[in-house]
Amino acid sequence: MKDTVKNLKTVTKPIMKKDAMSLVTGKPVYMDDVVPDNCLIVKVLRSQHANAMVEEVNKKAASMVPGVVGIYTWEDVPQERFTMAGQTYPEPSPYDRLILDKHVRYVGDPVAIVAGENEKAVDKALKLLKVKYEVLEPLLDFRKAKDNEILVHPEDNWKSLCPVGADNKRNLCASEKTSHGDVEKVLSECDVVLERTYHTKANQQAMMETFRTYCYMDTYGRLNILSSTQIVFHVRRIVSNALGIPKSKIRVSKPRIGGGFGAKQTVVAEVFPAFVTWVTGRPSKMIFTREESQIASTPRHEMEMTVRIGANKDGKIRAIDLYTLSNTGAYGEHGPTTVGLSGHKSIPLYNVEAFRFDYDVVYTNVMSAGAYRGYGATQGIFALETAVNELAAKLNIDPMKIREMNMVHEGDIMYAYYGEKSNSCALDRCLARVKEMIDWDNKYPCRDMGNGKVRSVGVAMAMQGSSISNLDVGSATLKVNDDGFYTLIIGAADMGTGCDTILAQIAAEVLECDVDNIAVLGADTDASPYDSGSYASSTTYLTGKATYDAAMKLREKIIELGAEMMGEDKEKCEFDGSKVFYPESGKDVSMVDIGTKSMLNNNITMELTESCSSPVSPPPFMAAAVEVEVDKETGTVDVLDYAAVVDCGTPINENLARVQTEGGIGQGIGMALFEEVQYTEEGRMMNNSFMQYKLPARVDYGKIRVEFESSYEPTGPYGAKSIGEIVIDTPCPAITDAVYNATGLFIREMPITPEKIVMGLIENEN
Amino acid sequence: MIITVNINGKNVTEDIEADLILLDFLRKHGCYSVKRGCETSNCGLCTVLMDEKPVLSCSMLAAKADGKNIMTLEGLQKEAEEFGTFVANQGAEQCGFCNPGFIMNVIAMFREYENPTDEEIKEYLAGNLCRCSGYEGQMRAIKKFMAERKGAK
Ligand code: FES
Ligand code: FES
């Protein structure tokens with residue numbers, strides 16, 4: 001296997017992204033750079049109350065503002081509920097949204113849409129709109145949400161399409177119980193059983209380009225949507241549901257995207273300008289302010305996780321029992337699915353005799369949560385990895401050692417991971433390598449630096465998936481052009497990750513040509529083959545597989561046409577990337593000539609599409625070790641050195657895999673040390689800007705060092721698995737472990753603020 | 001009010017509204033590289049040079065640029081390409097949305113410092129946020145760029 005990888009010419013190479021030079025020279029390639037000036041400006045008026053009924057919207061003064069074209073309230077929009085979650089139909093997320101609703105459920109919920117000729121007019125109209133609310137008591141504590149008498153969704157037309165255990169009359173967005181073996185029995189036999197509760201807050205994806213969409217009616221009377229989205233095909237269905245118009249009337253495409261991280265896997269902005277354009281027939285655009293992106297999007301689900309973990313004195317872990325309570329906020333986008341990952345992508349890191357994993361997902365009156373890189377696994381891995389570190393501390397075992405003793409290996413059956421077998425797993429090598437990189441044996445647990453500062457190390461492991469098994473569809477279309485170059489057409493969305501280039505590398509490898517010889521087009525619902533979209537760590541693995549399959553089949557077509565041109569038997573002809581040749585006679589025909597022939601008196605179709613779904617979702621694995629310096633007086637934690645080793649299978653492009661990893665770790669450090677969405681007692685968000693919601697800047701941490709220990713995934717293209725999400729999973733538990741090793745404190749609620757450390761130390765002294 | 005601004009070497013005279021923000025004025029005049037990432041002067045995406053000094057165009061009135069020279073990446077294509085190639089060689093451009101502001105500030109930094117230390121680099125660019133890259137690839141690009149510049153001298 002390794003040899004096949006070694007001989008590759010394009011795959012594994014650090015090839016420059018196809019769009020790189022446009023991006024670094026600031027070319028106009030994003031949505032707001034390419035739309036015409038004459039489009040209507042669309043904005044929404046947002047609720048000031050966390051739970052209220054809109055009794056009346058007085059539009060009089062607002063509609064008199066010159067330049068205002070339309071003001072719409074709940075009475076003007078369709079009354080069929082839908083979900084904004086970009087998921088495969090039938091969506092697990094409940095149909096609980098309207099474009100505008102009489103019942104507003106969080107501070108920021110839209111009350112009215114205003115469209116106008118220019119921004120000034122629209123802003124003025126927004127100020128003049130008078131809304132009369134019947135203010136209701138909000139439900140803000142997610143621990144009290146289940147069966148609370150305040151119902152977030154009391155309406156009768158709420159609906160759940162899938163059996164996810166949802167019940168709006170109980171504030172339940174989902175609920176499930178799963179297990180393997182007899183957890184209670186095994187726990188009762190253990191020498192130690194630890195029970196701990198962990199809490200992670202909502203975090204903002206905070207991609208630099210806020211949500212934005214442009215719409216216009218085309219020559220054929222169809223609604224065209226150009227949006228910064230990861231999911232063009234899901235947008236088409238969701239807008240169709242929201243507006244109550246046929247899907248055939250909608251086309252969705254995307255330009256370059258200024259970051260997504262899952263935020264753009266939900267239809268956050270699209271429905272508003274789509275509605276305006278559909279109603280007025282005029283082009284329109286909506287661009288979220290940063291404040292709107294903070295208060296009215298779909299951040300990470302807040303979760304509280306209670307772990308019971310049982311082990312023998314020698315450190316052998318025998319059973320894990322996890323209960324997760326997830327806060328989906330006012331709407332259920334991605335609520336039923338994110339929570340599953342908190343158990344299914346944490347527990348399988350360890351080989352245990354028995355596990356149980358139960359969860360509830362509840363509605364509350366805060367902004368809806370959604371999809372954010374890691375998708376629940378990040379939360380669950382923080383909880384479980386910290387529990388394992390607490391167990392190691394209790395048993396007085398090195399946290400590296402307890403992992404070496406218990407972790408999953410290649411060939412193991414992962415019962416908590418739908419019983420899948422781990423066919424490619426280099427987690428053991430990843431852990432061994434980070435241990436060396438951080439010089440664990442010399443640094444564990446800590447060194448007192450004098451003047452109140454302590455340096456310490458911490459460790460964590462992680463896993464994720466590669467696409468959603470038996471569900472996601474990846475597709476690729478490849479065609480031959482004149483001069484013998486190829487076009488690769490995809491429905492996956494490059495949001496900066498480089499998938500356009502990565503997929504072209506796979507095609508170029510199979511077709512034995514240069515990456516520059518593959519032009520990439522994506523994503524456009526009218527032109528691209530169906531693809532679920534870029535999420536669930538699926539693109540390299542699944543769309544990559546489809547690209548590989550399509551390229552393999554296109555090779556056969558090329559040989560067929562070449563053989564026909566030479567008048568030879570195609571079975572005896574070969575292709576080397578530049579020509580089809582007949583070894584016996586030495587005859588050949590060049591790829592350029594084949595390209596020409598494909599357009600001249602030709603009956604062989606030189607274009608084809610391959611689609612695929614996967615019965616498995618092979619997990620990438622990762623280990624990380626961090627060195628921090630804790631100031632015991634001020635409680636500040638400085639990340640000095642973050643060593644990470646990833647097994648993403650074969651990295652198709654090592655540069656891009658590395659930068660993905662560094663970026664994910666950077667975000668994870670933010671989550672571990674300072675990022676959290678905070679609300680006032682009335683449910684108003686406190687940190688609604690980058691002033692208050694602090695993102696990691698380059699001065700906020702020391703170095704991040706990344707290496708790869710690759711396994712070979714037999715079902716992936718050239719042995720590849722995924723990398724996009726797993727990379728955010730380790731910082732929370734690794735830094736928590738390091739902080740414990742410096743202070744003796746396990747901080748069980750993210751982020752680890754200086755106050756929590758100082759307060760904890762004071763408490764310990766008393 | 002009527003202002004005259006030199007944008008990338010060309011004088012532009014226009015009757016503007018007093019509250020027009022410089023960022024919007026520049027985009028209106030085709031400088032699409034100038035991006036907005038926040039409303040609170042925290043992200044650095046909107047960085048341009050005003051009389052050679054980096055400024056945040058999101059928090060400055062266009063009126064303030066009256067009689068000044070403004071440079072955006074559109075006017076610094078050669079520098080952008082030169083340094084940008086190093087970023088691209090790391091794959092550190094990622095979504096690219098932060099790149100123009102970041103590269104503007106890198107250009108400004110190299111006009112001020114011949115050989116900045118790591119600490120000086122981090123401090124100078126502290127206001128340029130990037131949510132994608134984790135900053136390491138940007139740092140590698142800067143170091144390699146510096147090394148090559150040194151070699152060329
Ligand atoms: S747009 Fe964020 S600093 Fe100017
Ligand atoms: S590359 Fe996306 S924000 Fe920097």
Side-chain angles (χ1 to χ4, degrees), chain A residues 14 16-17 19-30 32-34 37 120 205-210 256-261 289-291 495-498 653-667 669 689-692 694-699 701 703-706, chain B residues 17 19 24 27-28 30-45 72-74 76-77 80-81 83-104 119 121-123 125-139 141:
Chain A
M16 189 191 286
K17 263 170 62 192
D19 53 355
M21 291 315 291
S22 294
L23 302 187
V24 296
T25 53
K27 293 290 184 302
V29 293
Y30 303 92
D32 200 35
D33 306 338
V34 298
D37 290 336
K120 277 209 157 156
Q205 294 92 344
M207 62 284 160
M208 283 295 141
E209 184 200 40
T210 59
R256 285 293 106 185
I257 303 173
F261 314 116
T289 60
R290 179 56 62 187
E291 183 183 342
M495 53 183 136
T497 52
N653 182 319
E654 192 164 318
N655 265 1
L656 298 180
R658 179 180 308 283
V659 177
Q660 277 291 303
T661 310
E662 292 163 347
I665 289 170
Q667 286 181 3
I669 291 173
S689 76
F690 281 173
M691 185 87 79
Q692 299 110 324
K694 195 174 136 32
L695 304 181
R698 71 191 77 223
V699 285
Y701 50 80
K703 51 183 188 250
I704 298 173
R705 292 182 294 145
V706 174
Chain B
E17 297 203 31
D19 60 355
D24 297 309
R27 284 186 64 89
K28 208 171 137 220
C31 302
Y32 292 112
S33 72
V34 190
K35 302 283 191 265
R36 180 181 266 117
C38 70
E39 291 99 38
T40 48
S41 312
N42 289 99
C43 73
L45 263 62
T72 71
L73 219 52
E74 280 79 4
L76 294 165
Q77 286 290 291
E81 214 165 287
F83 172 68
T85 304
F86 286 81
V87 178
N89 277 333
Q90 296 299 326
E93 75 288 354
Q94 292 289 290
C95 85
F97 208 69
C98 72
N99 282 223
F102 161 67
I103 292 177
M104 285 302 302
E119 285 319 302
I121 295 169
K122 282 190 165 192
E123 276 307 325
L125 302 172
N128 292 95
L129 296 182
C130 174
R131 191 56 158 170
C132 297
S133 73
Y135 306 110
E136 290 284 345
Q138 293 184 346
M139 191 60 148

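All values derive from a computational prediction rather than experimental measurement. Chain A is the first sequence line, chain B the second, and so forth, proteins listed ahead of strands; every chain is numbered from 1.
Looking only at side-chain heavy atoms (C-beta outward), A:F261 and B:C132 come within less than 4.5 Å of each other. Counting heavy atoms from C-beta on, the side chains of B:T40 and A:R290 never come closer than 4.5 Å. Taking 4.5 Å as the limit, some side-chain heavy atom of B:R131 sits within range of a side-chain heavy atom of A:P696.
Ranking B:E119, B:M139, B:E81 against chain A, the residue ahead of the rest is B:E81, based on heavy-atom pairs under 4.5 Å. Heavy-atom pairs under 4.5 Å with chain A were tallied for B:G101, B:G37, B:G127; the largest tally goes to B:G37. In terms of heavy-atom pairs under 4.5 angstrom with chain A, the leader among B:C38, B:G137, B:S33, B:S133 is B:S133. With respect to chain B, the highest number of heavy-atom pairs below 4.5 Å among A:R705, A:K703, A:M691, A:E291 belongs to A:M691. Interface summary for chain A: among B:K28, B:Q77, B:Q94, the most heavy-atom pairs under 4.5 angstrom belong to B:Q94. For the set A:G258, A:G664, A:G666, A:G498, the count of heavy-atom pairs under 4.5 angstrom toward chain B peaks at A:G258. Annotation: maximal heavy-atom pairing with chain B below 4.5 Å, among A:M207, A:M495, A:E654, A:Q205, occurs at A:Q205. In terms of heavy-atom pairs under 4.5 Å with chain B, the best-connected choice from A:L656, A:V34, A:D37, A:V699 is A:V699. Considering only heavy-atom pairs separated by less than 4.5 Å from chain A, the leading option among B:G30, B:G84, B:C43 is B:G84. Put simply, of B:Q138, B:M104, B:R36, the one with the most heavy-atom pairs under 4.5 Å next to chain A is B:Q138.
Checked by atom type and distance alone, the side chain of B:Y135 never pairs as donor or acceptor with a backbone atom of A:Y701 at under 3.5 Å. The backbone N or O of B:N128 sits less than 3.5 Å from a side-chain atom of A:R698, completing a donor-acceptor pair. No side-chain donor-acceptor contact under 3.5 Å links B:N99 to the backbone of A:G26. Distance alone, capped at 3.5 Å, places no donor-acceptor pair between the A:R256 side chain and the B:C95 backbone. In this structure, B:E136 contributes its side chain and A:I704 its backbone to a donor-acceptor pair below 3.5 Å.
In plain terms, the two heavy atoms of B:I103 and A:V24 that are nearest each other are CD1-O, 3.3 Å.
Residue A:R658 touches chain B through its side chain alone, counting heavy-atom pairs closer than 4.5 Å. Contacts between B:F102 and chain A at a heavy-atom distance below 4.5 Å involve the side chain alone, from C-beta outward. B:L125 touches chain A through backbone and side chain together, each having a heavy atom under 4.5 Å away. Residue contact with chain A, scored on non-hydrogen atoms closer than 4.5 Å, is absent for B:S41.
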(message) For a side-chain contact (heavy atoms from CB on, under 4.5 Å) check, start with the C-alpha distance between B:N42 and A:K694, then their side-chain angles and the critical distance, and finish with the verdict.
(response) CA-CA 9 Å; B:N42 289 99; A:K694 195 174 136 32; over 6 Å; no
(message) I'd like to know whether B:K35 forms a side-chain contact (heavy atoms from CB on, under 4.5 Å) with A:E209, so could you lay out the CA-CA distance, the side-chain angles of the two residues, the decisive distance to 0.1 Å, and finally the verdict.
(response) CA-CA 9 Å; B:K35 302 283 191 265; A:E209 184 200 40; over 6 Å; no
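Ring geometry for A:Y30 versus B:F97: interplanar angle over 60°, hence perpendicular rather than tilted (30 to 60°).
Taking a cutoff of 4.0 Å between a charged side-chain nitrogen and a carboxylate oxygen, B:R27 and A:D32 qualify as a salt bridge.
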